[in-house]
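These notes are about the structure you will find just below.
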Amino acid sequence: MAYKLHGNRDWMSHLPDELLDVSLWNLAIPGSHDSMSFCLDLSSPVVESESWFLKAMDRLAPSLIRPCVFRWATTQQAVLSHQCDLGIRFLDLRIARKPKEGSKLFFAHGIYTWISVKEALDEVATWLDQHPKEVLIVCCSHFTGLTRSDHRQLVDDIISRFGPKLCSAQDCPTLRSCWAKRQQVIVSYDDREVSRHHPELWTGIPYWYADSPDPNKVLSYLEAQKKKGRPAAFYVSGLNLTENVAFVLLHPFQNMRSITTKALAVLLGWVREQRPGPQVAGVNIICGDFVDVAHFCDCVIGLNYKARAVPTGATKRRADNQHSTVESEYARV
């Protein structure tokens, strides 16, 4: 089978031959929002970029504030290698300098992580060695507290770790072209001053983000954005929900996982209706929270079969089976 549910470790190498020469920004690619939030550190302070009110409350009552931030800032529960095994090919890495940790860099979402950037990149590099025909888009952003020296060291680490596997920002990558050059990594670096000096780095990838806890408002926002036309290269449609202080206070016994799980049927229903490609409404990277719940990756990967001119025979049966499986999962969520 060209497409196998529950076994997406090598889904790119299993795509139909006619999709191997399609630019990667015209394929449907599953991504994880705040990919490293599975390892938030309850002993760390609230991130410096958060509001003054939250930072003040953290200083006054850390034992109360940090568990609350943890509940709402945790958006993933699978380690990076498992996310990649599930089919994720876009990693959202929000990098930060952690107080009292010297030059060692970590990740952050509300609070800091206990896994360092070096450890995460090592895990990604190991996974790529084991899956030589898979291509990962690694988005580095936020850079809370980083100095120019930190940026230089981080870029040096990325280039030394991935080297010839890096796909140049001057390229228009397809799977076939990446395989021919043995390239597996596209690094988006959301700091123009840094990325413009390094052809190995891509500039920041646009992320469509609704900033709402209501899944219907999230989808309305994405639909409005689609009508304006998609970017010409990589871009992200964010299915992630977002809470605010009022929402947290009104839902004291919930967390990000519970509201995401409740919204999955609506969110994945929207995904099933999408089509990848260069057309005005064509989707590319679709990011979600808790990507190991339900069949998020299966649903996004399955969209690539819509890109084929006439989905007949085995391909149509495969797509029908895909939709049936996702519908069954709705009933269990």
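Computed over heavy atoms, backbone and side chain alike; hydrogens, waters and symmetry mates excluded.
- There is a path of hydrophobic side-chain contacts, each under 4.5 Å, that joins Leu54 to Trp52.
- Here the closest heavy-atom approach between residue Leu267 and residue Leu239 is recorded as CD1-O, 3.6 Å.
- Closest approach of Leu128 to Glu134, counting heavy atoms only: CD2-O, 3.9 Å.
- With hydrogens and angles ignored, the 3.5 Å screen pairs a side-chain donor or acceptor of Trp11 with a backbone N or O of Gly87.
- Connection of Trp72 to Ile111 is not established within any shared hydrophobic cluster, with ILVMFWY side chains joined at heavy-atom distances below 4.5 Å, either directly or through further cluster members.
- Using a 4.5 Å cut-off on side-chain heavy atoms (C-beta onward), Ser212 and Phe247 make no contact.
- Between Lys228 and Val280 the shortest side-chain heavy-atom distance does not fall below 4.5 Å.
- A donor-acceptor pair is defined here as one N or O able to donate and one able to accept, closer than 3.5 Å; no such pair exists between the side chain of Ser177 and the backbone of Pro173.
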Worksheet item: Would Ile259 and Asn255 satisfy side-chain contact (heavy atoms from CB on, under 4.5 Å), going step by step from the backbone distance to the final call?
Response: CA-CA 7 Å; Ile259 68 168; Asn255 54 40; over 6 Å; no

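- Looking at Thr144 and Glu48, their side chains never bring a donor and an acceptor atom within 3.5 Å of each other.
- Ring planes of His33 and His109: perpendicular class, angle over 60° (limits at 30 and 60°).
- Ion pairing between a basic and an acidic side chain is recognised when a charged N comes within 4.0 Å of a carboxylate O; Asp150 and Arg97 show such pairing.
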Item to complete: Go through Asp171 and Gln183 one step at a time and tell me if the side-chain contact (heavy atoms from CB on, under 4.5 Å) criterion holds.
Response: CA-CA 11 Å; Asp171 291 344; Gln183 295 173 339; 4.0 Å; yes

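- Checked for salt-bridge contact, Asp34 and Arg94 meet the test: a charged N lies under 4.0 Å from a carboxylate O.
- Looking at Arg275, its side chain never comes within 3.5 Å of a backbone N or O of Val283 through a donor-acceptor pair.
- Trp25 and Ile301 fall within the same hydrophobic cluster, where Ile, Leu, Val, Met, Phe, Trp and Tyr residues are linked whenever their side-chain heavy atoms come under 4.5 Å apart, directly or through other members.
- Salt-bridge formation is not detected for the pair Arg152/Asp156: no Lys NZ or Arg NE/NH1/NH2 atom is positioned less than 4.0 Å from an Asp or Glu carboxylate oxygen.
- A salt bridge links Asp41 with Lys98: at least one charged nitrogen is closer than 4.0 Å to a carboxylate oxygen.
- Checked against the 6.0 Å centroid criterion, the rings of Trp208 and Tyr235 qualify as a close aromatic pair.
- A donor-acceptor pair is defined here as one N or O able to donate and one able to accept, closer than 3.5 Å; such a pair exists between the side chain of Thr260 and the backbone of Met256.
- Judged by distance alone, with hydrogens and angles left aside, the side-chain atoms of Asn8 form a donor-acceptor pair with the main-chain N or O of Leu86 at under 3.5 Å.
- A salt bridge does not link Glu101 to Lys104: none of the charged nitrogens lies less than 4.0 Å from a carboxylate oxygen.
- Judged by distance alone, the side chain of Gln76 and the main-chain N or O of Phe290 form a donor-acceptor pair under 3.5 Å.
- A ring-centre distance under 6.0 Å is not found for Phe38 and Phe107.
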Discussion item. Working note: Lys133 + Asp10, criterion salt bridge (charged side-chain N to carboxylate O under 4.0 Å, His left out); need CA distance, chi angles, decisive distance, verdict.
Written reply: CA-CA 7 Å; Lys133 284 195 168 185; Asp10 299 286; over 6 Å; no

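- At a threshold of 4.5 Å between non-hydrogen side-chain atoms, the residues Val291 and Pro30 do not count as touching.
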Item to complete: Decide side-chain contact (heavy atoms from CB on, under 4.5 Å) for Val218 and Asp214; before the verdict, give the C-alpha distance in whole Å, the side-chain angles of both, and the deciding distance to 0.1 Å.
Response: CA-CA 6 Å; Val218 169; Asp214 183 341; over 6 Å; no

Fill in: side-chain hydrogen bond (donor to acceptor under 3.5 Å, both in side chains) evaluation trace for Gln274 with Lys306
CA-CA 9 Å; Gln274 305 311 302; Lys306 289 186 177 183; over 6 Å; no

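- You'll find the side chain of Arg89 stays beyond 4.5 Å of the side chain of Ile137, heavy atoms only.
- In this structure a side-chain-to-backbone donor-acceptor pair under 3.5 Å is present from Arg230 to Ala233.
- Transitive grouping of hydrophobic side chains (ILVMFWY, heavy atoms separated by less than 4.5 Å) keeps Tyr112 and Leu121 in distinct clusters.
- At least one side-chain heavy atom of Ser141 sits less than 4.5 Å from a side-chain heavy atom of Asp92.
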Item to complete: Test side-chain hydrogen bond (donor to acceptor under 3.5 Å, both in side chains) on Trp127 and Asp85 and set out the steps.
Response: CA-CA 9 Å; Trp127 190 89; Asp85 284 345; 2.8 Å; yes

Item to complete: Evaluate side-chain hydrogen bond (donor to acceptor under 3.5 Å, both in side chains) for Thr75 paired with Ser37, printing each intermediate quantity in order.
Response: CA-CA 6 Å; Thr75 65; Ser37 63; 2.8 Å; yes

Worksheet item: salt bridge (charged side-chain N to carboxylate O under 4.0 Å, His left out) between Arg66 and Asp58: does it pass, once the steps are laid out?
Response: CA-CA 7 Å; Arg66 293 176 191 178; Asp58 180 51; 2.8 Å; yes

Worksheet entry | Worked verdict on Glu119 versus Ser116 for side-chain hydrogen bond (donor to acceptor under 3.5 Å, both in side chains) | CA-CA 5 Å; Glu119 292 168 319; Ser116 70; 3.2 Å; yes

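- Across all their heavy atoms, Pro276 and Leu27 have their closest contact at CB-C, 3.9 Å.
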Practice prompt. For salt bridge (charged side-chain N to carboxylate O under 4.0 Å, His left out), just list the numbers for Lys217 and Asp211, CA-CA rounded to whole Å, side-chain angles, deciding distance to a tenth of an Å, and then say yes or no.
Written response: CA-CA 9 Å; Lys217 289 183 179 179; Asp211 195 16; over 6 Å; no

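- At least one donor-acceptor pair closer than 3.5 Å links the side chain of Ser160 to the backbone N or O of Asp157.
- The nearest pair of heavy atoms linking Lys55 to Glu50 is CE-O, 3.3 Å.
- Interatomic distance, CG of Leu40 versus OG1 of Thr74, reported as 4.5 Å (0.5 Å rounding).
- Using bins of under 30°, 30° to 60° and over 60° for the plane-to-plane angle, the ring pair Tyr209/Tyr207 lands in the perpendicular bin.
- Scanning both residues, Ser32 and Gln83, for their nearest heavy atoms gives OG-OE1, 2.6 Å.
- Proximity of the aromatic rings of Phe106 and Trp114 is defined here by a centroid distance below 6.0 angstrom, and this criterion is not met.
- The side-chain heavy atoms of Val135 and Leu175, taken from C-beta on, include a pair separated by under 4.5 Å.
- Met12 is connected to Val236 through a chain of hydrophobic side-chain contacts under 4.5 Å among Ile, Leu, Val, Met, Phe, Trp and Tyr, so both are in one cluster.
- In this structure the side chain of Thr174 never reaches within 4.5 angstrom of the side chain of Val22, judged on heavy atoms.
- Looking at Asn26 and Asn284, their side chains never come closer than 4.5 Å, going by heavy atoms from C-beta outward.
- Not a single donor-acceptor pair under 3.5 Å links the side chain of Glu200 to the backbone N or O of Ala169.
- Of all heavy-atom pairs spanning Cys299 and Leu268, the tightest one is SG-O, 4.0 Å.
- Under a cut-off of 6.0 angstrom, the local environment of CD in Gln279 is crowded, with over 12 non-hydrogen atoms contributed by other residues, nucleotides or ligands.
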Worksheet item: Should Cys140 and Ile158 be marked as a side-chain contact (heavy atoms from CB on, under 4.5 Å) after you check the CA-CA gap, both sets of side-chain angles, and the distance that decides it?
Response: CA-CA 10 Å; Cys140 301; Ile158 289 170; 4.2 Å; yes

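- In this structure, Asp191 pairs ionically with Arg148, as a charged nitrogen and a carboxylate oxygen lie closer than 4.0 Å.
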